[in-house]
Protein chains: 2
Amino acid sequence: MTLRNAVMAALLEGESSGYDLAKGFNATVANFWTAPPQQLYKELDRMEADGLIAARLVRQERRPNKRMFSLTDAGRQALRDFTAQQPRPSAIRDELLVQVQSVDAGDVDAVRAAIAAHRQAAEEKLVRYERLRDRLLDGRDEHDYLRQAPRVGPYLTLARGLAFEQENIRWADLALAVLQQRSALVT
Amino acid sequence: MTLRNAVMAALLEGESSGYDLAKGFNATVANFWTAPPQQLYKELDRMEADGLIAARLVRQERRPNKRMFSLTDAGRQALRDFTAQQPRPSAIRDELLVQVQSVDAGDVDAVRAAIAAHRQAAEEKLVRYERLRDRLLDGRDEHDYLRQAPRVGPYLTLARGLAFEQENIRWADLALAVLQQRSALVT
DNA sequence: AGGCACATGTAAAAGGTTACATGATTGG
DNA sequence: CCAATCATGTAACCTTTTACATGTGCCT
């Protein structure tokens with residue numbers, strides 16, 4: 001039920017097509033809520049039926065037509081109501097960590113490769129987040145930005161994403177070092 | 001489908017009842033995989049039917065009887081196979097961050113309260129993790145531990161959990177400070 | 001010629017949450 | 001005496017994932 005709220009949060013940035021939302025979920029919301037395209041298209045239909053968002057058909061000549069969605073007043077109100085409720089505890093589903101937990105009874109080399117891939121992905125996300133932050137700050141330092149900006153929500157969630165990915169990288173380095181040392185011992 | 005693997009990873013620590021697994025999922029696996037009791041009981045039944053785990057009925061006098069589960073050889077092999085596969089990207093579902101993202105169009109005071117509660121929960125988790133780490137290290141420093149311990153998986157996931165909660169606390173402080181300043185401006 | 005980006009959709013299957021149900025024991 | 005802990009289970013419902021389907025335009 002909260003995919004709805006995540007979509008509305010994303011639409012605060014402005015009108016968007018289902019396709020755009022699907023791709024990285026606006027690149028901002030992606031950090032704390034993920035959804036495959038199919039789920040979004042379905043949910044967007046339902047949200048329109050419920051009056052939370054309004055669709056506008058954009059005819060294109062050299063591309064397929066698309067529907068641009070925007071928040072309605074009812075949608076804004078629903079989002080407001082959502083923020084007033086107590087959020088449910090965050091849920092994490094991390095297969096890599098399940099693998100690491102059982103690495104001593106598992107395929108160490110495969111897990112090491114998976115950690116390395118994870119590190120790489122974190123690095124790429126980090127670069128994107130830093131670029132996004134620079135775009136937001138636009139030359140100002142954090143302090144000035146936070147006093148002047150009309151919205152602080154996106155900055156705060158971005159800050160959480162940045163720290164998370166930095167931590168991922170640091171942790172991956174530790175894990176790789178430990179597992180490598182272990183392999184060396186066995187050899 | 002990976003709840004199975006998380007359960008098997010938890011059972012590497014030794015025999016456990018459904019109830020014990022349900023409670024904090026062994027307190028170790030809880031960081032990266034969560035599940036309500038009902039899901040566990042259901043899954044445990046299926047896993048037993050599939051031969052991945054074996055159940056042993058323990059009759060108790062002053063308490064309800066319980067079933068203790070342990071990994072079978074087939075279970076160990078399945079866990080091994082799982083570690084050899086590429087893990088799917090981790091999924092996060094964090095309602096609080098959805099609220100923070102839309103805080104500028106939402107109920108600021110409610111969101112602040114939610115962040116404070118989140119900070120509190122992180123603090124408590126951190127204490128538990130630190131206690132667990134101390135129990136694992138048992139007086140040794142990290143370096144010695146990692147050379148001597150028969151298993152490193154649980155330590156590595158614990159390290160990730162520790163860093164995650166520390167980061168949660170740091171971020172909550174930032175977010176609270178920013179939102180408080182904003183409220184002050186409006187007032 | 002082949003592959004990616006754009007752009008949406010249907011349907012089935014799997015996975016996860018919530019509500020309801022039971023009942024003894026222990027601790028405050 | 002009341003609440004929490006121990007210990008499990010069924011059923012209904014909601015959410016999420018996966019597979020399949022379609023078709024143009026652009027770039028190499």
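By convention in this document, chain letters (A, B, ...) are assigned in the order of the sequence lines, proteins followed by strands, and residues within each chain are numbered from 1.
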Original post:
Which pair of heavy atoms, one from A/Q99 and one from A/A114, lies closest together, and at what distance?
Top reply: OE1-CB, 4.0 Å
Original post:
Is B/R88 touching bases, backbone alone, or none of the nucleic acid, heavy atoms closer than 4.0 Å?
Top reply: sugar-phosphate
Subject >> d(NZ, A/K23; C1', C/dA7) in whole Å >> reply: 11 Å
Subject >> Interatomic distance, A/R59 CZ vs C/dA7 C1' [rounded to whole Å] >> reply: 15 Å
Subject >> Touch class at under 4.0 angstrom, heavy-atom based, for A/R4 against every strand present >> reply: nothing
Original post:
Counting only side-chain N and O atoms of A/Y19, is one of them less than 4.0 Å from OP1 or OP2 of C/dT8?
Top reply: no
Original post:
Expressed in angstrom and rounded to an integer, what is the separation of B/L40 atom CG from D/dG9 atom C1'?
Top reply: 13 Å
**OP:** Side chain of B/P64 only, please: which of D/dT15, D/dC6, C/dG16 is the nearest?
**Re:** D/dC6
**OP:** Could you tell me the separation between the CG atom of A/L57 and the C1' atom of C/dC6, rounded to a whole number of Å?
**Re:** 15 Å
Original post:
In terms of the nearest nucleotide of DNA chain D, which residue is placed more toward the 5' end: B/A91 or B/G18?
Top reply: B/G18
Original post:
Should A/Y41 be listed as having a side-chain N or O under 4.0 Å from OP1 or OP2 of C/dG9?
Top reply: no
Subject >> Length of the CG-C1' vector between A/L21 and C/dC6, whole Å >> reply: 15 Å
**OP:** For A/Q60, report the nucleic acid contact type (base, sugar-phosphate, nothing); a contact means any heavy atom under 4.0 Å.
**Re:** sugar-phosphate
Original post:
Over how many whole Å does the gap from A/M47 atom CE to D/dT15 atom P extend?
Top reply: 13 Å
Subject >> Beyond-backbone contact of B/L21 with B/L44, side-chain heavy atoms, under 4.5 angstrom >> reply: yes
Subject >> Options D/dA12, D/dT17, C/dT18, nucleotide nearest the side-chain atoms of B/K42 >> reply: D/dA12
Subject >> Contact summary for A/L156 and B/W171, nearest pair of heavy atoms >> reply: O-NE1, 2.9 Å
Subject >> Distance-only donor-acceptor check, side chains A/R88 and A/T2, under 3.5 Å >> reply: no
**OP:** May I ask you to verify whether the side chain of B/Q38 and the base of C/dG16 hold a donor-acceptor pair under 3.5 Å?
**Re:** no
**OP:** Please state whether the phosphate of D/dT17, meaning OP1 or OP2, lies under 4.0 angstrom from any side-chain nitrogen or oxygen of A/Q39.
**Re:** yes
**OP:** Whole angstrom is fine here: how far is it from NZ in B/K66 over to P in D/dT5?
**Re:** 16 Å
Original post:
Could you state the CG-C1' distance from A/D45 to C/dG9, rounded to the nearest angstrom?
Top reply: 9 Å
Original post:
Is the closest side-chain heavy-atom distance between B/R80 and B/R76 below 4.5 Å?
Top reply: no
Original post:
So what does A/R93 hit on the nucleic acid, given a heavy-atom distance under 4.0 Å: a base, only sugar-phosphate, or nothing?
Top reply: sugar-phosphate
